[in-house]
Amino acid sequence: MSKKEELLSKGYEFSGVEQKWLDHWREKGCFSAQMVPGKPAFSIVIPPPNVTGVLHVGHALNNTLQDILTRYHRMCGDNTLWVPGTDHAGIATQNVVERQLATEGKTRDDLGRDAFVERVWEWRGEKGGTITNQLKKMGASCDWDRERFTMDEGLSTAVREVFVRLFKEGLIYKGDYIVNWCPRCHTALADDEVEHEDTKGKLYHIRYPYADGSGHVVVATTRPETMLGDTGVAVHPEDERYQHLGDIGIKLPLTDRIIPVVFDNHVDREFGTGALKVTPSHDRDDYEIGLRHNLDRLKVMDDKGCMNKAAGDYCGLDRFECRKKIVEDLERLGFMEKIEEYDHAVGHCYRCKTVSEPTTSVQWFVSVKPLAEKAVAAVRDERIKIYPKTWYNTFYNWMDNIRDWCISRQIWWGHRIPAWTCEECGELIVESFDPTECTKCGSADIIRETDVLDTWFSSALWPFSTMGWPEKTEELATFYPTSVLITSFDILFFWVARMMMMGLHFMDEVPFKDVYLHALVRDKHGKKMSKSTGNVIDPLVVMEEYGTDAMRFTLTAFAAQGREIKLDEERIEGYRHFINKLWNAARFALMHIADCDESVRDVVAEPDKLPLVHRWILSRTASAIKDVRLALDEYRFNDVASVNYQFIWYEFCAWYLEWIKADLFSEDPLAKKQAQGVLLVVLETILKLIHPITPFVTEEIWSVLPGQRDTLTTSSYPVLQEAWKDDNAVGQMELLMGIITGIRNIRSEADVHPSSRIEAFVICADRQRAEFISQNSLAISDMTRLSGLEVVPQAEKPDDAGTYIYNDIEIFVPLKGLVDIDSELEKLGRERKKVEAKLKQVNGKLSNSKFLNNAPEKIIAGEEEKKKLLDSKMAKILEAEERLKNLG
RNA sequence: AGGCGCGUAGCUCAGUGGGAGAGCGCCACCUUGACGUGGUGGAUGUCGUCGGUUCAAUCCCGUCCGCGCCUACCA
């Protein structure tokens, strides 16, 4: 079968088509970045998905939007680069491989560090390409030859360089501070890696006796097991109830320790009894209080969340078992005042959902304040713009309250911290080369850090590390700063803000000019998709069922700024119909243009010489080009989809194609050639316009259009043609379309069978317009299946005629015995009510001197024009009603 | 507690300081030279509530009601 015969298949069958073009684009290297001097540059770096990831609908949205912009700019002729790649995802990946080991009955400790890391690399080699392949399947037009991985050699070099420089600048430090700890992952977590969930818990009120036995104070806690680590009780300095306690001290129950009472403004006198137990090693606030008052730190838990030796008799118990035991003991010994139900937010590890534990620990930190200031400045003076703008507030708010970033993680998979400690003199050695001896005392007895860096540390460098930094590369010169970052709002701070900081600090230039934050994709009820709820829409299944173009189009149509996306599978089905519509329109067009010479399109060079309908569609095409380009430039993706949809379905298919059928079948060579030429040009324009959203179906159609054709991916994006704009033609067509709708309405209301040919009359008092309508009576008849159309200045209407009033023009169709007087009156009544309401409004305005004095002239003239039309329409309606009433 | 956003047709959502829109669904009719994954016509809305600004408010401002999200150290 030849290509053209294939295209004539009745419905669009996407499965074979998609694979064909994926192969073609790859073989021809259509997505390779060009670096042609003098051309504008457009670049995007992909938000690198986790190497463990599987394509979900969020990825599908994110990458569809990026691909739209990339394809658009590539077609505009820019030097275009979309960098793909994956993230090594420290904790997530380590967890996956540990689970794999578990099935073999092994732990990572059985293997040891080196063998384990080796094992992760093996896993990555086998399974790490999954998400990348799925992105390719979506048609993502990344330059796949430039795929990067946050652990690959070049990026690791960049990470090392950044770490060393920041350390030497004093912006990285090591210290014993309180951090969030995941007892399951055995690692520290950054503040924003902890998810707070509202939880129904209990608030325990515990009696803490005074050391002198003269009484007790009640403290409240949700985590009674931490009391074993209490090293003080805090009260407000102005709280009269407790002034005397300063000298006495507290005897901590279940232990033999005496702990001091301290006075601190942080304490809320209104909460509970106004006394707060202080556990500096296991609570962030308490840690601060402890610092202020020099309280001891006592860790009572180990890395696994079990009680340690400092917990005395409770040593070895899991933290939650210990909680139970402590509560029992407190109750038994009479220390428990009461237990209340209590709702509060509990922190969970964002990776494994285990309840996290604040704990003191020796960690590495980045002083982010000086870096954050640069980022805020860049946003304030619009070197970086954020879309939608509602995020500015949130951004500033967060950046102004930012805390130092804990970057060390106690896991094995990741960039190992390039720091050595000298066992002899204690010197901390951080160099870009691997030292063999202490740089201070020369001892060879140096030991490397075991921690690795937070995964976000390497992804923060992504916009420049992927382009070869710290080398000065052509890529950096051409493509940095990148044009736009497209990502989900939930990683604004994990990632976006940190890229700003690092980019500005090391490149002295923003990493991207624009940030577009899209919504999370939810189910049709607005709920988060989750496997356990069972409401997940799997993009891979959708692509199989409806086609990739339909999925891409749906996501684009939903991507309105500032609103969450509630995805409904029925919508995808609806847009599949649209893809099919485009396919069939092309199929029809091809029947008439497949064999014609490409030179037919020359007819558009002089639009003035073309018949009305062609001037009209060219003008409408010009508008569509303008609207689509503007929407693309402003990241109004939903508008890009909607303009294309409306234009293609309603203007191109429903009106234009129907209208020109007569010409296409005509014997008149000029009429035929004009129809073929304009049809070809408009179809080509449509395919290009919508190609960034629906690359597969457009490429397939494009390839079978007449003439020698290269791929659409590197063809030219439509440019607004001023010469095509023709407001006059648009106005004239609107009149004809109004009349056609009127006649169709009469037929439908009177139940005239579509196949029966009837005669219609148009009453138009205006001679010029009457003449014009008359000239187009053939087209009107074709579109409404009339046997004839007569245009008259006035007429005696037959008694039983179906009527329709279009502004000051009346249409009637004699229908002997076919008119249902009652339903006709009902219809007129409805219409009259509408017109009456509008007239009332208009008359009200026009008789209001305030309106006449204040409203702009243009509006007043418009209202007057409106009144004129409504008046004459009203007259026609009343007349018709009168006639019908006389009949009945 | 603070911040942000949302409330428009049965459902999912666009939209605008000056005549209320789309898709799906619904009703009626139709194998009309590409498409029944289609065509034509139709029905459906105090544009959440109450106020204010304005010549004019679905749109701007404020109140209230309902819903969602984010941030936060209240044990």
Side-chain angles (χ1 to χ4, degrees), chain A residues 8 10-12 192 196 203-204 219-223 226 234 266-268 270-272 275-279 283-289 342 344-345 388 390-391 393-394 397-398 401 489-490 492-493 520 522 524-527 557-558 560 562-568 570-571 573-592 638-639 642 645-646 653-654 657-658 661-662 664-665 741 744-749 751-755 782 784-785 827 830 834 837-838 841-842 844-845 848-856 858-860 862-863 866 869-870:
Chain A
L8 291 177
K10 210 172 169 189
Y12 173 49
D192 49 16
H196 292 271
L203 186 62
Y204 302 91
V219 298
T221 179
T222 54
R223 296 180 298 151
T226 63
H266 165 80
V267 179
D268 178 357
E270 309 299 317
F271 189 92
L276 168 68
K277 66 190 267 311
V278 183
T279 325
D283 184 281
R284 186 176 291 278
D285 296 332
D286 294 4
Y287 175 83
E288 302 286 339
I289 295 174
Y342 193 68
H344 62 134
T390 150
W391 287 102
N393 267 342
T394 316
N397 215 326
W398 195 83
N401 297 308
F489 70 82
D490 55 339
L492 179 58
F493 303 119
L520 252 38
R522 298 164 182 283
K524 65 174 168 181
H525 304 296
K527 286 204 180 122
F558 266 110
R563 196 187 253 275
E564 61 187 15
I565 296 175
K566 291 191 210 166
L567 188 58
D568 183 349
E570 278 183 17
R571 287 286 294 266
E573 194 178 350
Y575 287 123
R576 180 187 56 171
H577 296 172
F578 170 66
I579 303 293
N580 192 59
K581 183 77 183 174
L582 173 61
W583 172 266
N584 276 293
R587 189 159 82 100
F588 171 73
L590 208 65
M591 289 165 63
H592 300 280
N638 56 322
D639 288 337
S642 155
Y645 187 98
Q646 301 292 330
C653 293
L657 288 184
E658 291 303 327
K661 274 178 180 171
L664 290 171
F665 286 99
T741 303
R744 285 172 174 170
N745 176 290
I746 294 168
R747 294 190 65 126
S748 178
E749 294 286 317
D751 256 343
V752 178
H753 195 275
S755 66
D782 277 353
T784 51
R785 305 182 72 77
K827 185 180 83 181
R830 273 201 306 269
K834 282 186 198 166
K838 286 180 188 171
Q841 216 178 359
V842 173
K845 282 186 186 177
N848 183 342
S849 60
K850 285 181 182 170
F851 171 74
L852 296 171
N853 292 334
N854 291 301
K858 219 173 138 188
I859 296 294
I860 297 174
E863 292 295 312
K866 206 195 296 178
L869 280 178
L870 288 171

Of all the nucleotides listed ([options]), which has the minimum atom distance to the side chain of [X]?
{"X": "A:A654", "options": "B:U40, B:G19, B:C13", "answer": "B:U40"}
{"X": "A:C653", "options": "B:C55, B:A34, B:G19", "answer": "B:A34"}
{"X": "A:N393", "options": "B:G41, B:A75, B:C4", "answer": "B:C4"}
{"X": "A:K838", "options": "B:G19, B:A34, B:U32", "answer": "B:G19"}
{"X": "A:Y342", "options": "B:C4, B:A75, B:C35", "answer": "B:A75"}
{"X": "A:N584", "options": "B:A34, B:A75, B:G42", "answer": "B:A34"}
{"X": "A:Q841", "options": "B:G19, B:A75, B:G42", "answer": "B:G19"}
{"X": "A:H753", "options": "B:A34, B:G18, B:C30", "answer": "B:C30"}

Protein-nucleotide distance ([X], atom [atom1]; [N], atom [atom2]), rounded to Å:
{"X": "A:Y12", "N": "B:G38", "atom1": "OH", "atom2": "P", "result": "17 Å"}
{"X": "A:I289", "N": "B:C74", "atom1": "CD1", "atom2": "C1'", "result": "11 Å"}
{"X": "A:H266", "N": "B:A72", "atom1": "NE2", "atom2": "C1'", "result": "12 Å"}
{"X": "A:N638", "N": "B:U12", "atom1": "CG", "atom2": "P", "result": "18 Å"}
{"X": "A:R587", "N": "B:U37", "atom1": "CZ", "atom2": "P", "result": "13 Å"}
{"X": "A:F489", "N": "B:G3", "atom1": "CZ", "atom2": "P", "result": "19 Å"}
{"X": "A:L657", "N": "B:G33", "atom1": "CG", "atom2": "C1'", "result": "13 Å"}
{"X": "A:Q646", "N": "B:G23", "atom1": "CD", "atom2": "C1'", "result": "9 Å"}

[atom1] atoms of [N] and [M], separation to the nearest Å:
{"N": "B:A22", "M": "B:U16", "atom1": "C1'", "result": "15 Å"}
{"N": "B:U53", "M": "B:C13", "atom1": "P", "result": "35 Å"}
{"N": "B:C47", "M": "B:A57", "atom1": "P", "result": "13 Å"}
{"N": "B:C30", "M": "B:C67", "atom1": "C1'", "result": "44 Å"}
{"N": "B:U63", "M": "B:C24", "atom1": "C1'", "result": "37 Å"}
{"N": "B:U44", "M": "B:C11", "atom1": "C1'", "result": "13 Å"}
{"N": "B:G48", "M": "B:G15", "atom1": "P", "result": "15 Å"}
{"N": "B:G23", "M": "B:G38", "atom1": "P", "result": "11 Å"}

Non-hydrogen atoms of A:F851 and A:E863 that approach each other most closely: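 Heavy atoms of A:F851 and A:E863 come nearest at CZ-CG, 3.7 Å.
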Write down the partner of [N] under the Watson-Crick or G-U wobble criteria, each distance required to be under 3.5 Å.
{"N": "B:C55", "value": "B:G18"}
{"N": "B:A34", "value": "none"}
{"N": "B:A72", "value": "none"}
{"N": "B:U49", "value": "none"}
{"N": "B:G10", "value": "B:C24"}

Keeping [X] on the side-chain end and [Y] on the backbone end, is there a donor-acceptor pair under 3.5 Å?
{"X": "A:N584", "Y": "A:N580", "value": "yes"}
{"X": "A:R785", "Y": "A:P754", "value": "yes"}
{"X": "A:T226", "Y": "A:R223", "value": "yes"}

Evaluation steps, side chain to side chain contact (heavy atoms under 4.5 Å, CB included), between A:D782 and A:E658: CA-CA 9 Å; A:D782 277 353; A:E658 291 303 327; over 6 Å; no
Looking for any heavy atom pair under 4.0 Å, which part of the strands does [X] touch: base, sugar-phosphate only, or nothing?
{"X": "A:E658", "value": "base"}
{"X": "A:Y645", "value": "sugar-phosphate"}
{"X": "A:K581", "value": "base"}
{"X": "A:T221", "value": "sugar-phosphate"}
{"X": "A:D268", "value": "base"}
{"X": "A:E573", "value": "nothing"}

Respond yes when some side-chain nitrogen or oxygen of [X] is under 4.0 Å from OP1 or OP2 of [N], and no when none is.
{"X": "A:N854", "N": "B:C55", "answer": "yes"}
{"X": "A:R571", "N": "B:C24", "answer": "no"}
{"X": "A:K866", "N": "B:G19", "answer": "yes"}
{"X": "A:H577", "N": "B:C35", "answer": "no"}

Residue whose closest nucleotide on RNA chain B lies nearer the 5' end, A:L870 versus A:A662: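 It is A:L870, whose closest nucleotide lies nearer the 5' terminus.
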Please tabulate the protein-to-nucleotide N/O contacts below 3.5 Å involving nucleotides 56-61 of chain B, giving atom names and distances.
none

CA sep, side-chain torsions, deciding dist, call: A:Y342, A:Y204, side chain to side chain contact (heavy atoms under 4.5 Å, CB included): CA-CA 9 Å; A:Y342 193 68; A:Y204 302 91; over 6 Å; no
Candidate pair A:L520 and A:I565, rule side chain to side chain contact (heavy atoms under 4.5 Å, CB included), full reasoning: CA-CA 6 Å; A:L520 252 38; A:I565 296 175; over 6 Å; no
A:K661 to A:F588, cation-pi by 6.0 Å centre distance and 45° axis angle: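 Yes, A:K661 and A:F588 form such a contact.
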